[in-house]
2 protein chains.
Amino acid sequence: MNDKTPKYIHIKNRIKDGIRNGSIVDKLPGERVLAKELNASYMTVRKAITELEEEGILHKFTTKGTFVSNRKMSPKITRNIGFFLDEDIKEGISSPYYSLIFKALDKTVKKMGYNMLLFSDFNDLNPLKNQKKIDGVIICCFPRIEDKIQEINKYLPIVLLDNTAADKSIPSVTIDNYNSCSKSIEYLWSLGHRRIGFISGLLDSDVCRDRLLGYTSALTRLGIKEDKSLIFKGNYSYESGEKAGEYFASMQESPTAIMCANDSMAIGSMKTIRERGISIPDEISIVGFDNIEVASRVFPALTTNAAPIEDMVNKAVEMLLSSIDGKDIDYKHIILPARLVKRNSCIPANTQL
Amino acid sequence: MNDKTPKYIHIKNRIKDGIRNGSIVDKLPGERVLAKELNASYMTVRKAITELEEEGILHKFTTKGTFVSNRKMSPKITRNIGFFLDEDIKEGISSPYYSLIFKALDKTVKKMGYNMLLFSDFNDLNPLKNQKKIDGVIICCFPRIEDKIQEINKYLPIVLLDNTAADKSIPSVTIDNYNSCSKSIEYLWSLGHRRIGFISGLLDSDVCRDRLLGYTSALTRLGIKEDKSLIFKGNYSYESGEKAGEYFASMQESPTAIMCANDSMAIGSMKTIRERGISIPDEISIVGFDNIEVASRVFPALTTNAAPIEDMVNKAVEMLLSSIDGKDIDYKHIILPARLVKRNSCIPANTQL
DNA sequence: TTTCCTTCTTGCTATATAGCAATTTCTGTT
DNA sequence: AACAGAAATTGCTATATAGCAAGAAGGAAA
C-alpha cells in the first residue's frame, strides 16, 4: 500500500490477476463503476485500462463496454504477425524448408501491411506475461505443446502450418502427406520397383506418421508384402540420412528404390550409398520430400514432392488475417496436395532383378 | 478547425511537422509552456506528447524535458530489434548465408530479451511514417541506400553487418574480405597452383571489391602476372557460378584452381566444370567463401572461408544494444578474420603442368 | 407484436488543479 | 570566483468534472 508504485499499476495488476484466476471473464464493469469499486478516480482507472488495452489484454468498445480480449473481440492491432518455430525443429529458421516458408510468409504478409516477428519461446507470445507484440501467429510445432497452444489461443488468433492440433477448432494448413507418399510409391512401382525402402522422420507427429502410412498402404494396395527391415527411422536430419544410406547399402538385399520423408535425409543417404559403391540412380532410385533448393542441384537431381509453399502460406495468412479481423473462417482445415517433381534420381528398375 | 478530429491529434501533427521542417530541433518547451502556446490544457498536450513518445519520435526525461529522439536520448523500448535485408539480395532470408545470420541474430537477441523483426522496406523502419516497432536495426544492404540509412539513423540506432557506409559514424561489423582472400590464394600457391581463376560477385559493394583486391594483390605479391581473362564477373548466384564454370572449363588453358567470392557460385561452377569432363579436385581445385551448410556436403567437400557468424552477430548485437542504452561504443568498426576451412576440393597442383 | 421516442450507459475528449521528486537555475554570501 | 541554499522547472501521478456521440435499454403507443 504505502510503497510508491503508482496506483494505476496496482489497478492493472488487480485486473490481470482477475483474468488469470477467472474472476473476470468477459465484460468488465464500466469505467465509472470500477472507479468506485476500486476507490480510485475515473481517470486513474481509465489509465490502467488503456494500458491494458495497449498490451492486448483488454479491448474497449465505445457504448458497449470493456471486455477481456478473447479473440472474438479483435484486439488492438500491432500490424505484426508472429511466426512460431518449434525450437526442436532441426536448424530452425535456417533449415532449407522453413527458411522458404518464412520468406514466403514475409512476402505475403508485407503485401497486407504487416511485418513478421520470429518466436521460438511460447512465453514470448503470451500478452499476460509480456507486452503484446503481435496480432496473430502462424505456428509450426510438434504436438507436445498442445496445451500451450490452447492458452495462447485465448488471446491470439492462431493458424497451424504443417501440423494439426488435437483441438480441431484451431485452423490449419497442411500438406496431403498420405496421398503424396502413396503417389510417389505408385510412381516407383510404375517404374518397375518392387523392393522399396522408406526413411522416416520422427514419428511423434501426424506429418511423418501420415507419410509412413502413405507408404505402407500403397505397398499393400499394390500387393507388395510389408517388410519392416525396409523402414529406417531417421530424425529429418542430413546425418540421419547418411546413417540410413549406410543401413540400406549394407543390407544383404538392398532395395531398388528408397522413399525419404524429407530431402535432407534423401541427400544424406545418397552420399553414403554412393560411398559404398552403389550407383544412384542405376542401382537405387531415390524420392525425397519438400523440394528444397539444393534438391535440384545435387547429382543426380532429386525427384521429390514439392510442397506448395506459396499456396500454403497464402491460405494460412488469409485465414489468420480473417481471424484477426474477426471474420468467420469457412474451412478450418486446408489440405493441399504436393506435386511430384520428376528429376533424374529415379529410373526404371534394373531388369536383372 | 471545426472538423471533429480531436485536439490532441492536431497537436501531435503540429509537433511532427515541426520536426520534419526543422523548426523543432532538440528540446521541446515544457509541457505547461507548450499548453499555453498551443491554447490547450496541460493534460491535452501531455496526451499528444505521450503518444509521440510511444511512437519513438520524442523522448521525455523527468526534470530535464522532452526531446526529439535523435538517438542520443534512448527512445522508448519496444524490445524488438529489426533486421533489414536488402531486397536485392538473392533469395533474401532463405539464402543459405543470410538465414544463418538471421538465426544467429535471433538466438543472440533472445538471450537479451529481444525479438527479431524482419524488414525489406526502409519505409517500414521510419517512425515518422509508421508506428515505431523497433529499438534498433541491424542492416545488410547495398550501398546505394546510403542516404536512407542516414534518415533512419536520426531515429534509430543502426549497426551495419557485412557492409560499411560512407558515413563512418555508423558502426559496422564486417569480415576481413581482403586478407581472407589473400590467404586463400597463398594457400593455393603453397599447393603449387600458379594459374588461379577468380569468380567475383557484384562489384558495387566494398565486400566484393575487397575480395577481388585480396586476390589480385596476393597474385602480385607472389609474383604471378595478372591475367584479366581469369576473372569472371558473377552475381553471387548459383546460376552465375554455373556460367563461370562453363567459361573456365572451355578456356584454352583452364586455371588449375579457382577462388570464388561465395560458396553458391563455387558449387555452381563445380557442377558445370564436372559436366565438361574436368575432374574436381584432380584437375581444378576450388575455394569458396561463406561456409554455408551445403559446402561440407557437396562432393568433393568444399574448401572455403568460414565467416565467423557467431562472433559477428555477437559484436553487432552488443554494439546495437549499447547504442540503444545510450552508451558510447568504443570501437565503431569491427573487422573479423574469416577462417579457411580446408576440405577436399583443393589438392596439390598437377605436376604435369 | 411492432414501432418509435426517451433515457441511460459507455467510452472519449478536454480542462483545471494539486502535490511529488528530482534536477536545474538562480541568488546571495563569503 | 566559489559555494551553499533557495527557488523554479520538469515530467509524473492523481483527482474531479463536464460535455459529446453512439449505442443499448426500456417503455409507451399503435
Side-chain angles (χ1 to χ4, degrees), chain A residues 1-15 18 24-70 72-77 326, chain B residues 1-15 18 24-70 72-77 326:
Chain A
M1 269 322 128
N2 50 4
D3 70 308
K4 54 240 164 188
T5 62
K7 200 167 182 177
Y8 75 98
I9 301 278
H10 282 135
I11 297 178
K12 275 179 68 175
N13 287 333
R14 282 187 66 167
I15 296 175
I24 302 176
V25 180
D26 189 22
K27 188 181 173 181
L28 267 74
E31 293 175 339
R32 291 166 178 84
V33 178
L34 215 47
K36 272 185 191 156
E37 279 184 15
L38 297 173
N39 261 318
S41 82
Y42 173 65
M43 291 306 285
T44 305
V45 169
R46 205 174 141 65
K47 176 158 191 181
I49 289 181
T50 301
E51 288 206 356
L52 286 172
E53 188 187 31
E54 275 164 11
E55 290 171 25
I57 296 172
L58 299 179
H59 192 70
K60 297 192 270 193
F61 296 87
T62 337
T63 80
K64 285 207 181 74
T66 302
F67 299 81
V68 178
S69 279
N70 66 350
K72 272 154 209 154
M73 344 262 141
S74 62
K76 170 140 193 209
I77 58 168
Chain B
M1 275 323 126
N2 50 3
D3 69 306
K4 57 241 164 188
T5 61
K7 200 167 180 177
Y8 76 97
I9 301 278
H10 281 134
I11 296 177
K12 275 178 69 175
N13 287 333
R14 281 187 65 168
I15 296 176
I24 303 177
V25 180
D26 187 25
K27 188 181 175 182
L28 267 73
E31 293 176 339
R32 291 165 178 86
V33 178
L34 215 48
K36 273 187 188 153
E37 276 182 18
L38 298 172
N39 260 318
S41 82
Y42 173 68
M43 291 306 285
T44 305
V45 168
R46 205 175 140 66
K47 175 157 193 181
I49 289 180
T50 302
E51 288 206 356
L52 286 173
E53 187 187 31
E54 276 165 9
E55 290 172 24
I57 297 173
L58 298 180
H59 195 252
K60 298 192 269 192
F61 296 87
T62 340
T63 81
K64 284 210 182 69
T66 303
F67 299 80
V68 177
S69 279
N70 66 350
K72 273 156 212 156
M73 342 265 142
S74 62
K76 169 139 191 210
I77 58 168

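Just so it is clear: chains get the letters A, B, ... in the order the sequence lines come, proteins before strands, and each one is counted from 1. The model shown is predicted, which means the values in this text are computed figures rather than measured ones.
Counting heavy atoms from C-beta outward, B:E54 and B:T50 have side chains that approach closer than 4.5 Å. For the pair B:L58 and B:V68, the minimum side-chain heavy-atom distance is below 4.5 Å. Residues B:L34 and B:E31 are not in side-chain contact: their nearest non-hydrogen atoms beyond the backbone lie 4.5 Å or more apart.
Between A:V45 and A:K64, it is A:V45 whose nearest contact on DNA chain D lies nearer the 5' terminus. Mapping A:Y8 and A:T63 onto DNA chain D via the closest heavy atom, the residue that lands nearer the 5' end is A:Y8.
Look at CZ on A:F61: it is 11 Å from P on C:dG11, rounded to the nearest Å.
Less than 4.0 Å separates DNA chain D from at least one heavy atom of each of the following residues of residues 30-44 of chain B: B:G30, B:E31, B:R32, B:Y42, B:M43.
To the nearest 0.5 Å, the span separating CD on B:E37 from CD1 on B:I11 amounts to 11.5 Å. A distance of 11.0 Å separates CD1 in A:I24 from CD1 in A:I57, rounded to the nearest 0.5 Å. To the nearest 0.5 Å, atoms CD (B:E51) and CD1 (B:I9) are separated by 6.0 Å. Distance check: A:K12 NZ to A:I15 CD1 gives 9.5 Å after rounding to the nearest 0.5 Å. Between A:R46 atom CZ and A:R32 atom CZ the span is 9.0 Å, to the nearest 0.5 Å.
Nucleotides of DNA chain D that come within less than 4.0 Å of any heavy atom of chain B span, from the 5' end to the 3' end, D:dT10 to D:dA14.
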Polar pairs (N or O, both sides) under 3.5 Å between protein and nucleotides 4-8 of chain C?
none

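Distance alone, capped at 3.5 Å, is enough to place a donor-acceptor pair between the A:K27 side chain and the A:K64 backbone. Under a 3.5 Å cut-off, the side chain of B:T66 and the backbone N or O of B:L28 do not form any donor-acceptor pair.
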